[in-house]
2 protein chains.
Amino acid sequence: MQILIAEDDKSIANSLKKNFEGEGFHVTIVDNGQKALDIVEKLEFNIIILDWRMPVLNGIDTCKELKLRGIETPIILLTALSEISNKVEALNLGADDYITKPFSFEEVLARIKAVHRRYETSLNELFFENITLHLITHELETPKEKVKLPEKEFELLKYFIENKGSIITKDKLYKDVWNLQFTTTTNVVEATVKNLRKKLEELTSQKFIKTIYGEGYLFISD
Amino acid sequence: MQILIAEDDKSIANSLKKNFEGEGFHVTIVDNGQKALDIVEKLEFNIIILDWRMPVLNGIDTCKELKLRGIETPIILLTALSEISNKVEALNLGADDYITKPFSFEEVLARIKAVHRRYETSLNELFFENITLHLITHELETPKEKVKLPEKEFELLKYFIENKGSIITKDKLYKDVWNLQFTTTTNVVEATVKNLRKKLEELTSQKFIKTIYGEGYLFISD
DNA sequence: AAGAAATATGAAAAATTTTTCATTATTGTT
DNA sequence: AACAATAATGAAAAATTTTTCATATTTCTT
(Lines give C-alpha, C1' and ligand atoms only; values in the text may rest on other atoms or scores of the structure.)
Protein backbone atom coordinates (compact mmCIF):
# COMPACT_ATOMS: atom_id res chain seq x y z
CA MET A 1 0.00 0.00 0.00
CA GLN A 2 1.36 3.37 -1.11
CA ILE A 3 0.46 6.27 1.16
CA LEU A 4 1.06 9.94 0.51
CA ILE A 5 1.18 12.23 3.55
CA ALA A 6 1.08 16.00 3.11
CA GLU A 7 1.87 17.48 6.51
CA ASP A 8 4.18 20.34 7.46
CA ASP A 9 4.55 19.31 11.09
CA LYS A 10 7.59 17.08 10.83
CA SER A 11 7.03 15.32 14.12
CA ILE A 12 3.54 14.22 13.17
CA ALA A 13 4.63 13.24 9.67
CA ASN A 14 7.55 11.17 10.86
CA SER A 15 5.59 9.49 13.58
CA LEU A 16 2.95 8.44 11.03
CA LYS A 17 5.60 7.28 8.60
CA LYS A 18 7.36 5.15 11.19
CA ASN A 19 4.11 3.55 12.28
CA PHE A 20 2.90 2.89 8.74
CA GLU A 21 6.17 1.33 7.77
CA GLY A 22 5.81 -0.95 10.73
CA GLU A 23 2.59 -2.09 9.05
CA GLY A 24 4.46 -2.78 5.82
CA PHE A 25 3.11 0.25 3.98
CA HIS A 26 5.22 2.53 1.83
CA VAL A 27 5.06 6.18 2.78
CA THR A 28 5.94 9.37 0.94
CA ILE A 29 5.97 12.69 2.82
CA VAL A 30 5.59 16.18 1.38
CA ASP A 31 5.28 19.36 3.41
CA ASN A 32 2.66 21.29 1.52
CA GLY A 33 -0.32 20.83 -0.77
CA GLN A 34 1.38 22.03 -3.92
CA LYS A 35 4.03 19.36 -3.61
CA ALA A 36 1.27 16.81 -3.08
CA LEU A 37 -0.36 17.84 -6.36
CA ASP A 38 2.99 17.60 -8.15
CA ILE A 39 3.88 14.14 -6.93
CA VAL A 40 0.40 12.72 -7.56
CA GLU A 41 0.91 13.48 -11.24
CA LYS A 42 3.94 11.24 -11.30
CA LEU A 43 3.29 8.42 -8.85
CA GLU A 44 0.31 6.27 -7.92
CA PHE A 45 -0.96 6.18 -4.36
CA ASN A 46 -3.65 4.13 -2.67
CA ILE A 47 -4.43 6.70 0.01
CA ILE A 48 -3.70 10.42 0.35
CA ILE A 49 -3.59 12.04 3.80
CA LEU A 50 -3.76 15.84 3.83
CA ASP A 51 -3.26 18.17 6.75
CA TRP A 52 -5.92 20.87 6.86
CA ARG A 53 -3.44 23.69 7.59
CA MET A 54 -0.33 23.82 5.46
CA PRO A 55 1.80 26.55 3.90
CA VAL A 56 1.54 27.39 0.18
CA LEU A 57 -1.61 25.31 -0.43
CA ASN A 58 -3.78 24.05 2.40
CA GLY A 59 -5.50 20.68 2.65
CA ILE A 60 -8.93 21.94 1.65
CA ASP A 61 -7.79 23.50 -1.57
CA THR A 62 -5.52 20.59 -2.33
CA CYS A 63 -8.43 18.22 -1.89
CA LYS A 64 -10.62 20.35 -4.12
CA GLU A 65 -7.95 20.49 -6.81
CA LEU A 66 -7.28 16.74 -6.69
CA LYS A 67 -10.95 16.01 -7.24
CA LEU A 68 -11.09 18.56 -10.04
CA ARG A 69 -8.24 16.78 -11.75
CA GLY A 70 -10.19 13.55 -11.61
CA ILE A 71 -7.94 11.85 -9.08
CA GLU A 72 -10.03 9.13 -7.47
CA THR A 73 -7.58 8.05 -4.80
CA PRO A 74 -9.32 8.20 -1.41
CA ILE A 75 -8.41 11.28 0.62
CA ILE A 76 -8.34 11.63 4.39
CA LEU A 77 -8.12 15.09 5.98
CA LEU A 78 -6.38 15.82 9.26
CA THR A 79 -8.01 18.64 11.21
CA ALA A 80 -7.51 20.28 14.57
CA LEU A 81 -10.44 19.97 16.93
CA SER A 82 -11.13 23.69 16.68
CA GLU A 83 -11.70 23.44 12.95
CA ILE A 84 -14.26 20.77 13.35
CA SER A 85 -17.28 22.86 12.43
CA ASN A 86 -15.95 22.63 8.90
CA LYS A 87 -16.57 18.90 8.71
CA VAL A 88 -19.45 19.42 6.33
CA GLU A 89 -17.14 21.33 4.08
CA ALA A 90 -14.58 18.54 4.24
CA LEU A 91 -16.98 15.88 3.13
CA ASN A 92 -18.51 18.16 0.53
CA LEU A 93 -15.08 18.73 -0.95
CA GLY A 94 -14.89 15.07 -1.68
CA ALA A 95 -12.74 13.93 1.22
CA ASP A 96 -13.56 10.36 2.09
CA ASP A 97 -12.96 10.74 5.79
CA TYR A 98 -11.27 13.03 8.22
CA ILE A 99 -9.50 12.63 11.52
CA THR A 100 -9.21 15.24 14.28
CA LYS A 101 -5.95 15.90 16.05
CA PRO A 102 -4.79 14.66 18.42
CA PHE A 103 -5.29 11.12 17.15
CA SER A 104 -3.98 7.71 18.04
CA PHE A 105 -2.20 5.69 15.40
CA GLU A 106 -4.75 2.94 15.86
CA GLU A 107 -7.50 5.35 14.86
CA VAL A 108 -5.65 6.45 11.74
CA LEU A 109 -4.94 2.87 10.77
CA ALA A 110 -8.54 1.81 11.24
CA ARG A 111 -9.80 4.74 9.17
CA ILE A 112 -7.33 4.08 6.39
CA LYS A 113 -8.23 0.47 6.15
CA ALA A 114 -11.93 1.26 6.18
CA VAL A 115 -11.63 3.91 3.49
CA HIS A 116 -9.45 1.70 1.33
CA ARG A 117 -11.76 -1.27 1.63
CA ARG A 118 -14.74 0.90 0.77
CA TYR A 119 -12.85 2.17 -2.26
CA GLU A 120 -11.90 -1.26 -3.50
CA THR A 121 -15.41 -2.62 -3.29
CA SER A 122 -16.86 0.48 -4.91
CA LEU A 123 -14.65 -0.20 -7.91
CA ASN A 124 -16.07 -3.68 -8.37
CA GLU A 125 -12.65 -5.03 -9.02
CA LEU A 126 -10.48 -7.54 -7.26
CA PHE A 127 -6.74 -6.98 -7.31
CA PHE A 128 -3.95 -9.47 -6.95
CA GLU A 129 -0.40 -8.68 -7.89
CA ASN A 130 -0.55 -7.45 -11.47
CA ILE A 131 -3.94 -8.87 -12.36
CA THR A 132 -7.37 -7.33 -12.00
CA LEU A 133 -10.63 -9.24 -12.02
CA HIS A 134 -13.60 -7.15 -13.11
CA LEU A 135 -16.55 -8.40 -11.15
CA ILE A 136 -19.32 -7.06 -13.36
CA THR A 137 -17.97 -7.86 -16.80
CA HIS A 138 -16.12 -10.97 -15.66
CA GLU A 139 -13.01 -9.83 -17.46
CA LEU A 140 -9.50 -10.70 -16.41
CA GLU A 141 -7.11 -7.83 -16.95
CA THR A 142 -3.40 -8.49 -17.13
CA PRO A 143 -0.42 -6.43 -18.29
CA LYS A 144 -0.65 -8.28 -21.57
CA GLU A 145 -4.36 -8.42 -22.33
CA LYS A 146 -7.92 -8.21 -21.10
CA VAL A 147 -10.03 -11.33 -21.68
CA LYS A 148 -13.56 -12.34 -20.77
CA LEU A 149 -13.55 -15.42 -18.60
CA PRO A 150 -16.16 -18.14 -18.95
CA GLU A 151 -18.52 -18.42 -16.01
CA LYS A 152 -16.81 -21.22 -14.11
CA GLU A 153 -13.32 -19.89 -14.55
CA PHE A 154 -14.51 -16.51 -13.33
CA GLU A 155 -16.12 -17.96 -10.24
CA LEU A 156 -13.08 -20.05 -9.50
CA LEU A 157 -10.63 -17.17 -9.86
CA LYS A 158 -12.86 -14.91 -7.78
CA TYR A 159 -12.91 -17.54 -5.06
CA PHE A 160 -9.15 -17.91 -5.24
CA ILE A 161 -8.47 -14.19 -4.94
CA GLU A 162 -10.97 -13.81 -2.13
CA ASN A 163 -9.18 -16.61 -0.29
CA LYS A 164 -5.63 -15.82 -1.31
CA GLY A 165 -2.88 -16.96 0.99
CA SER A 166 -4.76 -19.76 2.66
CA ILE A 167 -5.30 -23.34 1.67
CA ILE A 168 -8.52 -24.05 -0.19
CA THR A 169 -9.64 -27.66 -0.02
CA LYS A 170 -11.26 -29.36 -2.93
CA ASP A 171 -14.49 -30.02 -1.12
CA LYS A 172 -14.74 -26.33 -0.32
CA LEU A 173 -14.54 -25.64 -4.04
CA TYR A 174 -17.10 -28.32 -4.82
CA LYS A 175 -19.39 -26.85 -2.23
CA ASP A 176 -18.87 -23.12 -2.71
CA VAL A 177 -18.23 -22.84 -6.44
CA TRP A 178 -20.01 -25.86 -7.91
CA ASN A 179 -22.75 -26.27 -5.29
CA LEU A 180 -22.04 -29.98 -5.20
CA GLN A 181 -21.50 -32.50 -2.48
CA PHE A 182 -17.92 -33.68 -2.66
CA THR A 183 -17.99 -36.71 -4.89
CA THR A 184 -15.14 -38.80 -6.18
CA THR A 185 -16.99 -39.43 -9.41
CA THR A 186 -16.00 -36.11 -10.96
CA ASN A 187 -12.91 -34.05 -11.42
CA VAL A 188 -14.33 -30.82 -12.77
CA VAL A 189 -12.33 -28.88 -10.25
CA GLU A 190 -9.02 -30.26 -11.49
CA ALA A 191 -10.08 -29.72 -15.08
CA THR A 192 -11.11 -26.13 -14.51
CA VAL A 193 -8.02 -25.40 -12.44
CA LYS A 194 -5.98 -26.69 -15.35
CA ASN A 195 -7.64 -24.32 -17.79
CA LEU A 196 -7.41 -21.34 -15.45
CA ARG A 197 -3.76 -22.09 -14.77
CA LYS A 198 -3.01 -22.21 -18.46
CA LYS A 199 -4.78 -18.92 -19.10
CA LEU A 200 -3.13 -17.18 -16.16
CA GLU A 201 0.31 -18.36 -17.14
CA GLU A 202 -0.12 -17.39 -20.77
CA LEU A 203 -1.14 -13.91 -19.70
CA THR A 204 1.22 -13.24 -16.82
CA SER A 205 4.02 -15.82 -17.10
CA GLN A 206 3.45 -16.45 -13.42
CA LYS A 207 2.15 -19.42 -11.48
CA PHE A 208 -0.36 -18.25 -8.92
CA ILE A 209 -2.10 -21.54 -8.18
CA LYS A 210 0.02 -23.88 -6.09
CA THR A 211 -1.22 -27.31 -5.14
CA ILE A 212 -0.58 -28.54 -1.63
CA TYR A 213 -0.48 -32.28 -2.00
CA GLY A 214 -3.21 -33.95 0.00
CA GLU A 215 -4.64 -30.66 1.21
CA GLY A 216 -5.83 -28.43 -1.58
CA TYR A 217 -4.86 -25.33 -3.54
CA LEU A 218 -3.11 -22.15 -2.51
CA PHE A 219 -3.43 -18.92 -4.42
CA ILE A 220 -0.30 -16.94 -3.81
CA SER A 221 2.46 -14.89 -5.44
CA ASP A 222 4.82 -16.79 -7.65
CA MET B 1 -38.37 6.41 -1.37
CA GLN B 2 -39.42 5.30 2.10
CA ILE B 3 -37.88 7.28 4.96
CA LEU B 4 -38.14 6.50 8.65
CA ILE B 5 -37.56 9.38 11.05
CA ALA B 6 -37.07 8.72 14.76
CA GLU B 7 -37.20 12.12 16.46
CA ASP B 8 -38.99 13.19 19.64
CA ASP B 9 -38.99 16.89 18.80
CA LYS B 10 -42.28 17.17 16.96
CA SER B 11 -41.50 20.47 15.26
CA ILE B 12 -38.32 19.11 13.70
CA ALA B 13 -39.97 15.85 12.73
CA ASN B 14 -42.94 17.52 11.09
CA SER B 15 -40.83 20.05 9.27
CA LEU B 16 -38.72 17.25 7.81
CA LYS B 17 -41.78 15.26 6.90
CA LYS B 18 -43.40 18.18 5.11
CA ASN B 19 -40.24 18.91 3.15
CA PHE B 20 -39.63 15.28 2.21
CA GLU B 21 -43.16 14.85 1.04
CA GLY B 22 -42.65 17.86 -1.18
CA GLU B 23 -39.87 15.84 -2.77
CA GLY B 24 -42.22 12.93 -3.33
CA PHE B 25 -40.79 10.75 -0.58
CA HIS B 26 -42.91 8.79 1.85
CA VAL B 27 -42.19 9.50 5.51
CA THR B 28 -42.93 7.61 8.71
CA ILE B 29 -42.31 9.28 12.07
CA VAL B 30 -41.74 7.60 15.42
CA ASP B 31 -40.77 9.39 18.62
CA ASN B 32 -38.23 7.06 20.15
CA GLY B 33 -35.67 4.43 19.23
CA GLN B 34 -37.63 1.47 20.50
CA LYS B 35 -40.51 2.29 18.20
CA ALA B 36 -38.04 2.58 15.34
CA LEU B 37 -36.78 -0.93 16.02
CA ASP B 38 -40.32 -2.24 16.14
CA ILE B 39 -41.46 -0.73 12.88
CA VAL B 40 -38.30 -1.72 11.01
CA GLU B 41 -39.20 -5.34 11.68
CA LYS B 42 -42.47 -4.87 9.85
CA LEU B 43 -41.81 -2.39 7.06
CA GLU B 44 -39.00 -1.74 4.59
CA PHE B 45 -37.26 1.62 4.47
CA ASN B 46 -34.63 3.05 2.17
CA ILE B 47 -33.18 5.46 4.74
CA ILE B 48 -33.42 5.68 8.52
CA ILE B 49 -32.86 9.01 10.28
CA LEU B 50 -32.23 8.79 14.03
CA ASP B 51 -32.05 11.62 16.53
CA TRP B 52 -29.10 11.23 18.85
CA ARG B 53 -31.09 12.12 21.98
CA MET B 54 -34.44 10.43 22.43
CA PRO B 55 -36.42 9.01 25.32
CA VAL B 56 -36.58 5.24 26.00
CA LEU B 57 -33.82 4.32 23.52
CA ASN B 58 -31.44 6.91 22.12
CA GLY B 59 -30.13 7.13 18.57
CA ILE B 60 -26.75 5.62 19.32
CA ASP B 61 -28.14 2.50 20.93
CA THR B 62 -30.82 2.20 18.27
CA CYS B 63 -28.18 2.38 15.58
CA LYS B 64 -26.08 -0.23 17.33
CA GLU B 65 -29.06 -2.53 17.70
CA LEU B 66 -30.16 -2.11 14.08
CA LYS B 67 -26.71 -3.10 12.86
CA LEU B 68 -26.66 -6.03 15.28
CA ARG B 69 -29.90 -7.25 13.80
CA GLY B 70 -28.34 -7.19 10.36
CA ILE B 71 -30.40 -4.29 9.05
CA GLU B 72 -28.43 -2.82 6.17
CA THR B 73 -30.59 0.21 5.49
CA PRO B 74 -28.41 3.34 5.56
CA ILE B 75 -28.65 5.28 8.81
CA ILE B 76 -28.16 9.00 9.31
CA LEU B 77 -27.75 10.39 12.84
CA LEU B 78 -28.92 13.84 13.93
CA THR B 79 -26.71 15.36 16.60
CA ALA B 80 -26.55 18.65 18.44
CA LEU B 81 -23.37 20.59 17.87
CA SER B 82 -22.29 20.04 21.48
CA GLU B 83 -22.30 16.29 20.99
CA ILE B 84 -20.01 16.48 18.06
CA SER B 85 -16.94 15.06 19.76
CA ASN B 86 -18.73 11.76 19.48
CA LYS B 87 -18.57 11.72 15.71
CA VAL B 88 -16.01 8.95 15.73
CA GLU B 89 -18.39 6.92 17.82
CA ALA B 90 -21.20 7.61 15.39
CA LEU B 91 -19.31 6.35 12.39
CA ASN B 92 -17.91 3.42 14.34
CA LEU B 93 -21.42 2.41 15.28
CA GLY B 94 -22.12 1.93 11.64
CA ALA B 95 -23.99 5.14 10.90
CA ASP B 96 -23.48 6.09 7.28
CA ASP B 97 -23.51 9.82 7.89
CA TYR B 98 -24.58 12.32 10.49
CA ILE B 99 -25.89 15.83 10.45
CA THR B 100 -25.51 18.43 13.18
CA LYS B 101 -28.39 20.60 14.30
CA PRO B 102 -29.32 23.16 13.31
CA PHE B 103 -29.41 22.04 9.70
CA SER B 104 -30.98 23.29 6.50
CA PHE B 105 -33.33 21.04 4.62
CA GLU B 106 -31.09 21.30 1.58
CA GLU B 107 -28.25 19.80 3.57
CA VAL B 108 -30.39 16.92 4.77
CA LEU B 109 -31.63 16.25 1.28
CA ALA B 110 -28.16 16.28 -0.20
CA ARG B 111 -26.86 13.93 2.46
CA ILE B 112 -29.75 11.55 2.02
CA LYS B 113 -29.34 11.38 -1.70
CA ALA B 114 -25.59 10.86 -1.38
CA VAL B 115 -25.95 8.10 1.17
CA HIS B 116 -28.67 6.39 -0.81
CA ARG B 117 -26.75 6.51 -4.05
CA ARG B 118 -23.67 5.15 -2.31
CA TYR B 119 -25.81 2.36 -0.90
CA GLU B 120 -27.38 1.38 -4.18
CA THR B 121 -24.11 1.13 -6.04
CA SER B 122 -22.48 -0.68 -3.15
CA LEU B 123 -25.14 -3.34 -3.46
CA ASN B 124 -24.17 -4.16 -7.01
CA GLU B 125 -27.76 -4.58 -7.97
CA LEU B 126 -30.01 -2.91 -10.47
CA PHE B 127 -33.65 -2.49 -9.57
CA PHE B 128 -36.64 -2.15 -11.82
CA GLU B 129 -40.18 -2.61 -10.60
CA ASN B 130 -40.23 -5.99 -8.88
CA ILE B 131 -37.11 -7.41 -10.49
CA THR B 132 -33.51 -7.22 -9.34
CA LEU B 133 -30.51 -7.84 -11.53
CA HIS B 134 -27.45 -8.97 -9.59
CA LEU B 135 -24.47 -7.49 -11.37
CA ILE B 136 -21.79 -9.77 -9.99
CA THR B 137 -23.53 -13.13 -10.18
CA HIS B 138 -25.60 -12.22 -13.25
CA GLU B 139 -28.72 -13.51 -11.59
CA LEU B 140 -32.19 -12.20 -12.26
CA GLU B 141 -34.31 -12.13 -9.13
CA THR B 142 -38.07 -12.00 -9.41
CA PRO B 143 -40.89 -12.58 -6.95
CA LYS B 144 -41.18 -16.06 -8.35
CA GLU B 145 -37.60 -17.22 -8.74
CA LYS B 146 -33.92 -16.37 -9.02
CA VAL B 147 -32.23 -17.56 -12.20
CA LYS B 148 -28.76 -17.16 -13.65
CA LEU B 149 -28.89 -15.40 -17.00
CA PRO B 150 -26.62 -16.38 -19.87
CA GLU B 151 -24.03 -13.78 -20.76
CA LYS B 152 -25.85 -12.07 -23.62
CA GLU B 153 -29.22 -11.96 -21.94
CA PHE B 154 -27.56 -10.45 -18.88
CA GLU B 155 -25.82 -7.76 -20.89
CA LEU B 156 -28.99 -6.98 -22.78
CA LEU B 157 -31.14 -6.71 -19.65
CA LYS B 158 -28.50 -4.60 -17.92
CA TYR B 159 -28.49 -2.27 -20.90
CA PHE B 160 -32.27 -2.10 -20.89
CA ILE B 161 -32.50 -1.26 -17.20
CA GLU B 162 -29.73 1.31 -17.44
CA ASN B 163 -31.62 2.93 -20.29
CA LYS B 164 -35.14 2.41 -19.05
CA GLY B 165 -37.80 4.80 -20.23
CA SER B 166 -36.08 5.91 -23.42
CA ILE B 167 -36.02 4.39 -26.87
CA ILE B 168 -33.07 2.14 -27.60
CA THR B 169 -32.34 1.72 -31.28
CA LYS B 170 -31.17 -1.54 -32.70
CA ASP B 171 -27.89 -0.17 -33.91
CA LYS B 172 -27.17 1.05 -30.41
CA LEU B 173 -27.63 -2.49 -29.19
CA TYR B 174 -25.46 -3.88 -31.97
CA LYS B 175 -22.79 -1.37 -31.10
CA ASP B 176 -22.95 -1.31 -27.28
CA VAL B 177 -23.91 -4.87 -26.43
CA TRP B 178 -22.60 -6.90 -29.37
CA ASN B 179 -19.70 -4.67 -30.40
CA LEU B 180 -20.79 -4.98 -34.01
CA GLN B 181 -21.34 -2.56 -36.82
CA PHE B 182 -25.04 -2.50 -37.63
CA THR B 183 -25.50 -5.10 -40.30
CA THR B 184 -28.69 -6.34 -41.88
CA THR B 185 -27.22 -9.80 -42.27
CA THR B 186 -27.95 -10.83 -38.71
CA ASN B 187 -30.83 -10.71 -36.30
CA VAL B 188 -29.18 -11.75 -33.07
CA VAL B 189 -30.74 -8.81 -31.32
CA GLU B 190 -34.27 -9.86 -32.20
CA ALA B 191 -33.49 -13.44 -31.25
CA THR B 192 -32.04 -12.51 -27.89
CA VAL B 193 -34.84 -10.05 -27.18
CA LYS B 194 -37.26 -12.87 -27.85
CA ASN B 195 -35.60 -15.14 -25.32
CA LEU B 196 -35.29 -12.42 -22.69
CA ARG B 197 -38.92 -11.46 -23.19
CA LYS B 198 -40.01 -15.05 -22.73
CA LYS B 199 -37.97 -15.41 -19.56
CA LEU B 200 -39.16 -12.13 -18.10
CA GLU B 201 -42.78 -12.88 -18.83
CA GLU B 202 -42.59 -16.38 -17.39
CA LEU B 203 -41.10 -15.00 -14.20
CA THR B 204 -43.11 -11.82 -13.72
CA SER B 205 -46.18 -12.12 -15.97
CA GLN B 206 -45.33 -8.64 -17.15
CA LYS B 207 -44.17 -7.23 -20.47
CA PHE B 208 -41.33 -4.83 -19.90
CA ILE B 209 -39.88 -4.72 -23.41
CA LYS B 210 -42.05 -2.74 -25.82
CA THR B 211 -41.12 -2.37 -29.46
CA ILE B 212 -41.54 0.98 -31.14
CA TYR B 213 -42.07 0.13 -34.77
CA GLY B 214 -39.32 1.54 -36.92
CA GLU B 215 -37.46 3.05 -33.99
CA GLY B 216 -36.34 0.49 -31.45
CA TYR B 217 -37.14 -0.95 -28.08
CA LEU B 218 -38.45 0.68 -24.91
CA PHE B 219 -37.95 -0.82 -21.49
CA ILE B 220 -40.78 0.36 -19.31
CA SER B 221 -43.44 -0.66 -16.80
CA ASP B 222 -46.20 -2.85 -18.13
C1' DA C 1 13.86 -47.03 -5.72
C1' DA C 2 9.02 -48.98 -5.82
C1' DG C 3 4.33 -48.68 -4.94
C1' DA C 4 0.22 -46.22 -3.72
C1' DA C 5 -2.35 -42.16 -3.51
C1' DA C 6 -3.24 -37.79 -5.35
C1' DT C 7 -3.15 -34.63 -9.03
C1' DA C 8 -2.73 -33.14 -13.99
C1' DT C 9 -3.88 -33.45 -18.66
C1' DG C 10 -5.56 -34.20 -23.57
C1' DA C 11 -9.28 -35.39 -25.96
C1' DA C 12 -14.02 -36.67 -26.41
C1' DA C 13 -18.75 -36.22 -24.94
C1' DA C 14 -22.44 -33.63 -23.15
C1' DA C 15 -24.67 -29.53 -22.22
C1' DT C 16 -25.45 -24.88 -22.97
C1' DT C 17 -25.38 -20.64 -25.39
C1' DT C 18 -25.27 -17.94 -29.47
C1' DT C 19 -26.27 -17.19 -34.08
C1' DT C 20 -28.47 -18.07 -38.45
C1' DC C 21 -32.19 -19.01 -41.47
C1' DA C 22 -36.61 -19.57 -43.32
C1' DT C 23 -41.14 -18.45 -42.28
C1' DT C 24 -44.91 -16.12 -40.02
C1' DA C 25 -46.92 -12.13 -37.91
C1' DT C 26 -47.45 -7.28 -37.24
C1' DT C 27 -47.44 -2.44 -38.38
C1' DG C 28 -47.77 1.57 -41.19
C1' DT C 29 -48.75 3.52 -45.73
C1' DT C 30 -51.24 3.98 -49.82
C1' DA D 1 -57.89 -3.89 -48.22
C1' DA D 2 -53.31 -4.63 -50.27
C1' DC D 3 -48.60 -3.94 -50.16
C1' DA D 4 -44.12 -3.16 -48.26
C1' DA D 5 -41.31 -2.72 -44.48
C1' DT D 6 -40.27 -4.18 -39.97
C1' DA D 7 -40.30 -7.37 -36.27
C1' DA D 8 -41.11 -12.03 -34.08
C1' DT D 9 -40.51 -16.82 -33.91
C1' DG D 10 -39.31 -21.92 -34.04
C1' DA D 11 -36.00 -24.81 -35.25
C1' DA D 12 -31.49 -25.94 -36.84
C1' DA D 13 -26.62 -24.95 -37.07
C1' DA D 14 -22.53 -23.24 -35.10
C1' DA D 15 -19.79 -22.02 -31.39
C1' DT D 16 -18.57 -22.22 -26.78
C1' DT D 17 -18.40 -24.01 -22.24
C1' DT D 18 -18.60 -27.66 -18.99
C1' DT D 19 -17.95 -32.22 -17.69
C1' DT D 20 -16.25 -36.86 -18.16
C1' DC D 21 -12.97 -40.35 -18.96
C1' DA D 22 -8.82 -42.71 -19.69
C1' DT D 23 -4.15 -42.06 -19.10
C1' DA D 24 0.05 -39.74 -17.59
C1' DT D 25 2.56 -37.42 -14.10
C1' DT D 26 3.79 -36.06 -9.56
C1' DT D 27 4.27 -36.65 -4.64
C1' DC D 28 4.62 -39.06 -0.48
C1' DT D 29 5.64 -43.19 2.19
C1' DT D 30 8.16 -47.17 3.03
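What you are looking at is a predicted structure, and each value in this text was computed from that prediction instead of being measured.
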A:T204 side chain to A:Q206 main-chain N or O, any donor-acceptor pair under 3.5 Å?
yes
Tell whether B:Y213 reaches the base of D:dA5 with its side chain through a donor-acceptor pair below 3.5 angstrom.
yes
For atom CD of A:E215 and atom C1' of D:dT26, their distance in whole Å
16 Å
Could you give the NZ-to-P distance, from A:K194 to D:dA22, as a whole number of Å?
16 Å
Take the protein atom NZ of B:K198 and the nucleotide atom C1' of D:dT9, then report the distance between them rounded to whole Å.
11 Å
Angle between ring planes, A:F219 versus A:F208, binned at 30° and 60°: parallel, tilted or perpendicular?
tilted
Classify the nucleic acid contact of A:K152 as base, sugar-phosphate or nothing, counting any heavy atom under 4.0 Å across all strands shown.
sugar-phosphate
Which whole-number value in Å describes the distance from B:N179 CG to C:dT18 P?
14 Å
Indicate yes or no: does A:K199 engage A:E202 in a salt bridge with an N to O separation below 4.0 Å.
no
Using a heavy-atom cut-off of under 4.0 Å over every strand shown, decide if B:F154 touches base, sugar-phosphate, or nothing.
nothing
For A:K199 and D:dT16, give me the distance from atom NZ to atom P, rounded to whole Å.
12 Å
Main-chain N/O of A:I209 paired with A:R197 side-chain donor or acceptor, under 3.5 Å
yes
Is the phosphate of C:dT20 approached by B:T186 (side-chain N or O, under 4.0 Å from OP1 or OP2)?
yes
Whole angstroms only, please: what is the CD1-P distance between A:I212 and C:dA8?
11 Å
Would you say B:T211 places a side-chain N or O within less than 4.0 Å of OP1 or OP2 belonging to D:dA8?
yes
Nucleotide C:dT26, atom P - distance to CZ of B:R197 in whole Å:
13 Å
Given D:dA7, is OP1 or OP2 found less than 4.0 Å from the side-chain N or O atoms of B:K170?
yes
Can you measure A:I209 atom CD1 to C:dT9 atom C1' for me and round it to whole angstrom units?
15 Å
Under 4.0 angstrom between B:W178 side-chain N/O and C:dT18 OP1 or OP2:
no
Tell me which nucleotide among C:dT18, C:dT9, D:dT27 gets nearest to the side chain of B:E151.
C:dT18
What nucleotide among C:dA22, D:dA7, D:dA22 has an atom nearest to a side-chain atom of B:N187?
C:dA22
Give a yes or no on whether A:Q2 atom CD has more than 12 heavy-atom contacts from other residues, nucleotides or ligands under 6.0 Å away.
yes
Take B:P150 and A:E190, find for each the nucleotide of DNA chain C with the closest heavy atom, and name the residue whose nucleotide sits nearer the 5' end.
A:E190
Closer than 4.0 Å, any side-chain N/O of B:Y217 to the OP1 or OP2 of D:dA8?
yes
I want to verify a distance call: between C:dT7, D:dT19, C:dT27, whose nearest atom is closest to the A:V188 side chain?
D:dT19
